[in-house]
Novice: 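Below is the structure I would like to discuss, written out as structure tokens.
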Amino acid sequence: MTEGRVVVVTGAARGMGRATAVAFARTGYRVAGADIAARASAAMEYEPATADDLAHTGRLVEEAGGEWIPVVFDQRDISAVRDGFSAVVERFGGIDVVFANAGIQGFASLLEMSDQLWHDQIDINLTGTANVLRVAAPLLVQRGGGRIIITSSTQGQHGTLDGSGYSASKWGLIGLMKSAALELGKYGITVNALVPGLVNTALTRHEERYAQIIRTGGQEPSGNLDEDERSAADGMKRKLPLGVPWVEPEDVAPLVVFLASDEARMVTGTSFAATAGDSANITA
């Protein structure tokens with residue numbers, strides 16, 4: 001039974017975080033949606049999530065029948081993370097599931113990458129997620145067990161042209177997940193990784209990402225947003241066995257809900273992909 005269980009979703013203001021928060025609400029969870037709800041990095045091209053975005057997620061959660069609390073923090077700041085989780089515990093009495101999903105992505109070659117672009121991706125994606133786990137794990141131990149799901153990426157399983165910072169951060173999350181699974185299993189806590197493919201979110205729908213996809217295919221982008229979007233979409237359709245350019249967030253969310261369920265109690269220390277077939281291009 002999931003009725004009354006509490007889930008904390010980071011990066012909840014939009015995209016996969018929003019879709020998953022709503023999916024949890026539909027199955028009876030009380031939902032805490034955490035987000036920075038502001039620009040996390042000046043090195044990123046795409047528009048940041050906002051407080052209005054987070055509030056909209058809350059409305060959707062409530063419409064789906066779930067109780068909701070918004071929590072705003074920068075996960076690079078572990079003190080702020082502690083304060084945020086304390087607010088959730090004060091409201092709901094504890095936590096049962098953590099979906100550590102928040103992250104950013106930027107593109108530049110190693111020869112051209114700014115210090116900020118490297119550090120922001122590592123600090124938010126890897127260290128920030130570790131901060132969330134370090135704060136959440138003792139609360140799950142107190143609860144008598146629970147679930148942790150971490151968002152990695154296919155780019156955490158292979159190299160990425162002009163994306164070494166992102167790949168390094170997401171590959172590091174696989175190691176974090178496996179280590180946490182070894183350490184926390186004796187407390188009844190499972191830890192797994194979600195591996196989404198190219199998901200239809202603000203993080204992927206912008207010129208910088210289209211240009212990277214086009215260059216990966218051996219071509220050069222035109223610099224025209226509409227033209228490059230079409231070229232990128234066509235390239236992904238040819239690459240993915242299911243013939244779609246992007247995976248929808250709502251197609252990823254059920255996998256997270258499953259990993260949080262009682263049925264997944266013997267599943268830990270591994271990765272689960274929702275990639276429209278891009279996983280077929282990865283060795284294992």
Side-chain angles (χ1 to χ4, degrees), residues 6-13 15-17 20-21 31-44 48-51 54 57 69-106 115-143 145-153 156 165-166 168-185 187 189-194 203 256 260:
V6 178
V7 59
V8 178
V9 178
T10 70
M16 289 191 301
T20 306
V31 180
D35 207 286
I36 190 172
R39 185 170 295 281
S41 170
M44 300 298 109
T50 66
L54 186 59
T57 299
I69 178 175
V71 184
V72 176
F73 59 67
D74 183 339
Q75 65 185 29
R76 289 169 289 193
D77 181 351
I78 196 167
S79 294
V81 176
R82 289 192 179 105
D83 290 343
F85 273 79
S86 293
V88 177
V89 171
E90 182 177 354
R91 169 72 179 275
F92 290 142
I95 62 171
D96 301 288
V97 177
V98 176
F99 179 35
N101 167 69
I104 63 169
Q105 181 179 35
D115 292 344
Q116 183 178 22
L117 180 58
W118 174 268
H119 285 294
D120 284 352
Q121 290 179 98
I122 299 298
D123 292 348
I124 293 171
N125 297 356
L126 182 54
T127 303
T129 300
N131 286 342
V132 169
L133 266 61
R134 290 173 60 208
V135 170
L139 299 175
L140 293 172
V141 171
Q142 292 172 18
R143 198 73 152 173
R147 306 279 186 267
I148 297 172
I149 303 101
I150 297 171
T151 297
S152 181
S153 171
Y166 188 74
S169 70
K170 292 296 185 174
W171 203 306
L173 288 177
I174 299 293
L176 174 64
M177 173 272 291
K178 290 182 178 292
S179 300
L182 291 171
E183 294 178 13
L184 298 176
Y187 301 106
I189 300 168
T190 67
V191 189
N192 293 289
L194 172 72
L203 190 126
V256 183

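Only a predicted model underlies this, so the values are computations on that prediction, with no experimental measurement involved.
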Novice: Mark yes or no for whether Ser179, through its side chain, and Leu176, through its backbone, hold a donor-acceptor pair below 3.5 Å.
Specialist: no
Novice: For Phe99 versus Met16, what's the shortest heavy-atom pair and its separation?
Specialist: CE2-O, 4.3 Å
Novice: Do you know the tightest heavy-atom contact between Val88 and Ala32?
Specialist: CG2-CB, 3.6 Å
Novice: Over all heavy atoms of both residues, which pair between Val9 and Gly17 is shortest? Give the atoms and the distance, please.
Specialist: CG1-O, 3.6 Å
Novice: Under a 3.5 Å distance rule, please check whether Asp123 uses its side chain to pair with a backbone N or O of Gly128 as donor and acceptor.
Specialist: no
Novice: Testing the basics here: between Phe85 and Ala136, what is the closest heavy-atom pair and its distance to 0.1 Å?
Specialist: CE2-CB, 3.8 Å
Novice: Would you give the length of the straight line joining atom NZ of Lys170 to atom CD of Gln121, rounded to the nearest 0.5 angstrom?
Specialist: 10.0 Å
Novice: Do you know which two heavy atoms are closest between Ser41 and Asp120, and how far apart they sit?
Specialist: OG-OD2, 2.5 Å
Novice: To the nearest 0.5 Å, how far apart are CG in Asp83 and CD1 in Ile78?
Specialist: 11.0 Å
Novice: Of the non-hydrogen atoms in Ala168 and Trp118, which two are nearest, and what is the gap between them?
Specialist: CB-CH2, 3.9 Å
Novice: Check this for me: Arg134, atom CZ, are more than 12 non-hydrogen atoms of other residues, nucleotides or ligands nearer than 6.0 Å?
Specialist: no
Novice: Between atom NZ of Lys178 and atom CG of Asn192, what is the distance when rounded to the nearest 0.5 Å?
Specialist: 9.0 Å
Novice: Going by the side-chain contact (heavy atoms from CB on, under 4.5 Å) test, name the single residue among Thr151, Leu133, Thr129, Leu194 that passes it with Leu173.
Specialist: Thr129
Novice: Going through the distances and angles, do Leu140 and Ile148 end up as a side chain to side chain contact (heavy atoms under 4.5 Å, CB included)?
Specialist: CA-CA 9 Å; Leu140 293 172; Ile148 297 172; 3.5 Å; yes
Novice: Would you say the side-chain atoms of Asp35 pair up with the backbone N or O of Ala12, donor to acceptor, closer than 3.5 Å?
Specialist: yes
Novice: Rounded to the nearest 0.5 Å, what separation is found between the CG atom of Asn125 and the OG atom of Ser152?
Specialist: 9.5 Å
Novice: Quick check against the 3.5 Å criterion: does Thr190 have a side-chain atom that pairs as donor or acceptor with the backbone of Arg147?
Specialist: no
Novice: Among pairs that include at least one residue of residues 93-106, which meet salt bridge (charged side-chain N to carboxylate O under 4.0 Å, His left out), considering only residues two or more places apart or in two chains?
Specialist: Asp96-Arg143
